[in-house]
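Have a look at the structure below, then the notes.
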Amino acid sequence: MATQAENPTNRRDFLYVATGAVAGVGAAAVAWPLINQLNPDASTLALATIEFDVGAIPEGQSVTITWRGLPVFVRHRTAAEIEEARAVPMADLKDPETDEQRTKPGYEQWLVMIANCTHLGCVPVGQSGDFDGWFCPCHGSHYDTAGRIRRGPAPTNLVVPPYEFISDTLIQIG
């Protein structure tokens, strides 16, 4: 018959391992719902990307659409607006960014931006202000025809969301 000293594993060791395994599974079962609730809501995931046909927007006009619960400006700029935006010296901008950095190559006439003022999140009024772009009447921020901050308390330009042109008139945002 084997003695305790000859057989280092015993029933108590098995119980310790089994208890530890059950505790680990129990901790995972409790942690999973807590971690899972941090995932985005199904309605948010459904709006992760949207497609929008810009073909119906006349030149010089803009529309506001909704993406992920945020308003988004889509503006069909005129050649004069594009020239005006490109002629601005970088030294005049609070948040220097060229017009080319804010648009897609070959589609410079289209400007897509999240329509929230970068100061406090208000929605600016389009085709107004000192630079014929956007004006936030809440605190007086003025944006130019490329959505860049030119005057007022806003610290940065209007945000350009991730987007791409699927065809000449169809854009996908997100």
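Along the sequence shown, residues are numbered consecutively beginning with 1. Remember, it's a predicted structure, so these values are computed and weren't measured experimentally.
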hydrophobic_cluster_shared for V125 and L158, side chain cutoff 4.5 Å: no

Contact check, side chains of Y163 and I50, non-hydrogen atoms, under 4.5 Å: no

Are M90 and V88 connected in the hydrophobic side-chain network, where two residues link if heavy atoms are under 4.5 Å apart? yes

Aromatic rings F135 and H142: how do their planes relate, parallel, tilted or perpendicular, breaks at 30° and 60°? tilted

I need the R150 CZ to D95 CG distance, nearest 0.5 Å. 12.5 Å

Kindly determine whether F131 and R148 satisfy side chain to side chain contact (heavy atoms under 4.5 Å, CB included), including the steps that lead there. CA-CA 10 Å; F131 303 96; R148 300 174 296 195; over 6 Å; no

Distance-only polar pair, side chains of D53 and T169, donor-acceptor under 3.5 Å: yes

Is there a continuous path of hydrophobic side-chain contacts, each under 4.5 Å between heavy atoms, that joins L70 to I171? yes

dist E59:CD -> R75:CZ (nearest 0.5 Å) comes out at 11.0 Å

Are any non-hydrogen side-chain atoms of I173 and I65 less than 4.5 angstrom apart? yes

Salt-bridge contact D144-R102 (side-chain N to carboxylate O under 4.0 Å): no

Exercise: identify the closest heavy-atom pair between T145 and D132: CG2-O, 3.6 Å

Min side-chain heavy-atom separation I57-S62 under 4.5 Å: no

For the student: nearest non-hydrogen atoms of M113 and P161, plus distance: CA-CD, 3.8 Å

Decide yes or no on side chain to side chain contact (heavy atoms under 4.5 Å, CB included) for D99 and R77, but give the supporting numbers first. CA-CA 12 Å; D99 185 62; R77 301 186 303 168; 2.7 Å; yes

Indicate the atoms forming the closest heavy-atom contact of K94 with A154, along with that distance. NZ-O, 3.1 Å

Do T118 and I149 make a side-chain contact, defined as non-hydrogen atoms from C-beta onward lying under 4.5 Å apart? no

Indicate if V159 and W134 have the same hydrophobic cluster label, given that clusters are the connected sets of ILVMFWY residues with side-chain heavy-atom separations under 4.5 angstrom. yes

For residues V123 and N116, determine if any side-chain heavy atom of one lies less than 4.5 Å from a side-chain heavy atom of the other. yes

Using a strict threshold of under 4.0 Å (side-chain N to carboxylate O), is an ion pair present between E100 and R86? yes

Mind checking whether V160 and F73 sit in one hydrophobic cluster, side chains of I, L, V, M, F, W, Y counted as touching below 4.5 Å? yes

Looking only at heavy atoms, what is the nearest atom pair of G147 and L111, with distance? N-CD2, 4.1 Å

From I114 CD1 over to N157 CG, what is the distance, rounded to the nearest 0.5 angstrom? 13.0 Å

With P124, which of C117, P137, C138 fulfils side chain to side chain contact (heavy atoms under 4.5 Å, CB included)? C117

Once the angle between the rings of W110 and F165 is folded into 0 to 90°, is it parallel (under 30°), tilted (30 to 60°) or perpendicular (over 60°)? tilted

Taking all non-hydrogen atoms of both residues, which atom of T78 and which atom of E81 are closest, and how far apart? N-OE1, 2.9 Å

Stepwise side chain to side chain contact (heavy atoms under 4.5 Å, CB included) test for T66 and V72: CA-CA 6 Å; T66 302; V72 175; over 6 Å; no

Check for me whether the distance between the ring centres of W67 and F52 falls short of 6.0 Å. no

Between E164 and Q172, does a side chain to side chain contact (heavy atoms under 4.5 Å, CB included) hold up when you go through it step by step? CA-CA 5 Å; E164 64 181 332; Q172 180 179 8; 3.6 Å; yes

Could you check if a side-chain atom of I166 sits within less than 4.5 angstrom of a side-chain atom of E51, using non-hydrogen atoms only? yes

